[in-house]
Amino acid sequence: MLNFKIETRLIEAALRVLSDADPSLLKIRPCPNPKFGDFQTTGLMPLAKRRGLNPREVAEEVIRNLDVSQYCSRVEVAGPGFLNFHVKKEAIEEVVSEAARGEHIFSPKAEEPKTIVIDFSSPNVAKPMHVGHIRSTILGDCLARLFRFLGHKVITDNHIGDWGTQFGKLIVGWKTRLDTQRLENDPVGEMERIYREINSECERAPSILESARGELVKLQNNDPENIGIWRRMIELSRHQFESTYHRLGVEFDHMLGESFYNSRLNNVIAELQSADVVRESRGALVAFFDEDPILKEHPAIVRKSDGAANYTTTDLATLDYRVREWGADKIVYVTDSRQQLHFRQIFKIFEAWRREVETEMVHVWFGSILGEDGKPFKTRSGEVVRLSELLDEAEERAQCVVEEKNPGLTDNEKERISRIVGIGAIKYADLLPNRQSDYQFSWDKMLALNGNTAPYLLYAYARIRSIFRKSGDASAGELGARDGGAARITLATPEEVALARQLSCFGMTLEAVAEDYRPNYLCNYIYELAGFFTQFYEKCPVLKAEPEIRRARLRLCGVTAEVLKTGLEILGLEVPEQM
RNA sequence: GCGCUCGUAGCUCAGUUGGAUAGAGCAGCGGACUUCUAAUCCGCAGGUCGCAGGUUCGAAUCCUGCCGAGCGUGCCA
């Protein structure tokens, strides 16, 4: 809030000096070193440079047009043209007090809420969910939570793989070698098994492949029996999806799979033809991108030579539906890096097809998860790791730690904490690295009690809650608590000021995350916040302090807990009251 | 061949329009518990940011070339 107020004034002043300045360049951010001040902007330097002006002179001129005396004790030009803001302690006290009164949590709501569709997770029917789905699911869910928090209308859609050639083989397997007992016990495992068997048999027995094709055609022609089997497979798979999503705390507004768009594909193809964005080539219908240097060599097929549509067609139909039916201002796809080319293609085709549409299309891609040997993450026997088993292990490992560190808890508490810590550790480890890098999966690192990990952060939160339990006043730290709510929190020590200053940066961090779709900024912010809190915790007694200081510190703790909790919840983590 | 991404401390990783002295954690060394939970904290040590040029007041970040890795590249998704 504080920073946004200063930013607004800065932009006004800069526009008075340079009327055509781009306000988006004039962000303020924390100084890299406190000796320079509290906040700074570097944006005036490129602004001056482009106009051939002296950056220091421009900065001086902006200062002359700038009145932030309400918030700052000093604003100065430094080096080649940095503008450094030294914030008044009273201004920080005020913004933290506002938060303590429940007026805001350092983050303004979007002025123009947008409708944002987020497409993520997208597992396949009849296959187990595995580690390959985890990043999309966790990252997508986090982005959905973030944009909702920022005040946008978010629509999450799970575009499950419920159609395609694999169903021919699956139906053959279902009809000829289904083990109903196994299906009862482990439906997805059984579907996976029959698929594998048929798939390997197809390689040596052409007759099986032939019958798979036959079953696929029957399915496509609405044969009642095959449709029934197909529906049953989807239903069984959905149960598995739901149980995994429930454990992860992930929910979807829609689960419109590929099959949902079947009836629209022919129409899409016809429209693409009349819009002149595709043409016949080698028997297929193909979109070419002659004018695009990158896509020039990579045409996209929208109808195969056998007449069938493919995933490009389905994705175009999906885009069209989301724009038409939901009025999406923005559509975000969260998938792995290997699909970059595909999304470039469909975005390009869609732009050419629906020229009037202004929907922003974003591909938020991520790298892969590697094992500790640096190779793709697999089990010891080389199988893909099932997501459900991964979650089991996370909870088990967390339980061992809880058992060791806090044996006095009840079984119920231990179980709850293990779940929060275990699942939280998986999620946090996934969100912490820059999404575009591959990262090494490591149980020891994600469950470490030190460093930038879920247990460390959850512990910081639990410690604050512990203070409140011992304070004898349950509402002592609650935001908006009436007791002392009107009085301004006074910050007496450098640790308190540093903590409060960090709290005030919450909103600008969220803004940066939303801008780049990078939750790791938020992870780092929360880790730093926990660090500032710990320094405060070491140096500044709360419960033993004099009544007035005690009350102020309790309220500062309350705001800290709230920001920690809110930040962690945006990441998709739950927080424990104790650990 | 072409394209995308990457190469930062012994290891795993950060590094927000180019911005001030490149940061964490682990591992190593040395300290701090009759505590508001030590599941913690403090200190020390550790880097020619793959290599070579270029642009700039300023480059880990932008451009060019080279070396190395992963992925993708017309009928899978």
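Each chain gets a letter, A, B and so on, in the order the sequences are listed, and its residues count up from 1. The model shown is predicted, which means the values in this text are computed figures rather than measured ones.
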Item checked: Residue-phosphate contact under 4.0 Å: A:Asn520 side-chain N/O, B:rC13 OP1/OP2 -> no

Looking at every strand, decide which applies to A:Asn84 at a 4.0 Å heavy-atom threshold: base, sugar-phosphate, or nothing.
base

A:Leu341 CG to B:rG3 P, in whole Å, measures 13 Å

What does A:Ala462 touch in the nucleic acid at a heavy-atom separation under 4.0 angstrom: a base, only the sugar-phosphate, or nothing?
base

With a 4.0 Å cut-off on heavy atoms, is A:Arg303 in touch with a base, just the backbone sugar-phosphate, or nothing at all? nothing

Practice item. Give a yes or no on whether A:Glu291 atom CD has more than 12 heavy-atom contacts from other residues, nucleotides or ligands under 6.0 Å away. Key: yes

Indicate, yes or no, whether a donor-acceptor pair under 3.5 Å links the base of B:rA77 to the side chain of A:Tyr311. yes

From CZ of A:Arg518 across to P of B:rA14 the rounded distance in Å is 10 Å

query = Would you say A:Tyr525 reaches B:rG15's phosphate, i.e. side-chain N/O to OP1/OP2 under 4.0 Å?
reply = no

Heavy atoms under 4.0 Å, any strand shown: does A:Gln166 hit a base, just sugar-phosphate, or nothing?
nothing

message: Does A:Arg338 contact B:rG72 through a side-chain donor or acceptor facing the base, at a distance under 3.5 Å?
response: no

With a 4.0 Å cut-off on N to O distance, would you call A:Arg196 and A:Glu192 a salt bridge? yes

- Item | A:Arg553 and A:Glu546: CA distance, side-chain angles, deciding distance, salt bridge (Lys or Arg N to Asp or Glu O under 4.0 Å) verdict | CA-CA 10 Å; A:Arg553 287 184 178 166; A:Glu546 297 300 312; over 6 Å; no

Counting the atoms with a prime plus P, OP1 and OP2 as sugar-phosphate, which does A:Lys470 contact under 4.0 Å by heavy atoms, base, sugar-phosphate, or nothing? sugar-phosphate

query: Near A:Gln436 CD, under 6.0 Å, is it more than 12 heavy atoms from other residues, nucleotides or ligands?
result: yes

The residue, A:Pro376 or A:Thr312, whose nearest nucleotide of RNA chain B is more 5′ is A:Pro376

A:Glu372 CD to B:rC26 P, in whole Å, measures 16 Å

In whole angstroms, the gap separating P of B:rG19 from CZ of A:Phe82 amounts to 9 Å

note: A:Tyr521, atom OH; B:rG23, atom P; distance rounded to Å ~ 18 Å

May I ask you to say what A:Leu25 touches in the nucleic acid, namely base, sugar-phosphate or nothing, with a heavy-atom cut-off under 4.0 Å? base

With a 4.0 Å limit, can you tell me whether A:Ser437 has a side-chain N or O closer than that to the phosphate oxygens OP1/OP2 of B:rA14? yes

A:Glu538 atom CD is separated from B:rG31 atom C1', nearest whole Å, by 14 Å

- Task: Let me see the working for A:Phe82 and A:Phe36 under ring pair (Phe, Tyr, Trp, His ring centres under 6.0 Å), right down to the final yes or no.
- Result: CA-CA 10 Å; A:Phe82 294 94; A:Phe36 298 127; 7.3 Å; no

Using only side-chain N and O atoms of A:Lys296, determine if any of them is under 4.0 Å from OP1 or OP2 of B:rG3.
-> no

A:Leu216 CG to B:rC76 P, in whole Å, measures 12 Å

Presence of A:Gln340 side-chain N/O under 4.0 Å of B:rG72 phosphate oxygens OP1/OP2 | no

N or O in side chain of A:Ser305 less than 4.0 angstrom from B:rC75 OP1/OP2: no

Report task. Could you tell me whether A:Asn524 contacts a base, only the sugar-phosphate backbone, or nothing, with contacts defined as non-hydrogen atoms closer than 4.0 Å? Result -> sugar-phosphate

* Any donor-acceptor pair under 3.5 Å joining the side chain of A:Thr42 to the base of B:rG18? -> no

Would you indicate what A:Tyr439 reaches in the nucleic acid, counting non-hydrogen atoms under 4.0 angstrom: base, sugar-phosphate, or nothing? sugar-phosphate

Distance-only donor-acceptor test, A:Lys49 side-chain atoms vs B:rG58 base atoms, 3.5 Å
yes

Taken to the nearest whole Å, CD/A:Gln436 to C1'/B:rG72 is 15 Å

Sorted by position of nearest nucleotide on RNA chain B, 5' first, the leading residue of A:Met508 and A:Ile301 is A:Met508

| request: Determine whether any donor atom in the side chain of A:Asp336 lies under 3.5 Å from an acceptor atom in the base of B:rA77, or the reverse, and answer yes or no. | output: no

Phosphate contact (B:rG15 OP1 or OP2) by A:Asn434 side-chain N/O below 4.0 Å
yes

Can you tell me if A:Arg416 has over 12 outside heavy atoms packed within less than 6.0 Å of its CZ?
no

| said: Any base atoms under 4.0 Å from A:Cys540, or only sugar-phosphate, or nothing? Heavy atoms, all strands. | reply: base

In terms of heavy-atom contacts, A:Arg56 and A:Ala78 come closest through NH1-C, 3.8 Å

Side-chain contact check for A:Pro32: nearest option of B:rG74, B:rA39, B:rA20 is B:rA20

* Asked: Taking only N and O in the side chain of A:Lys375, is any of them less than 4.0 Å away from OP1 or OP2 of B:rG70?
  -> no

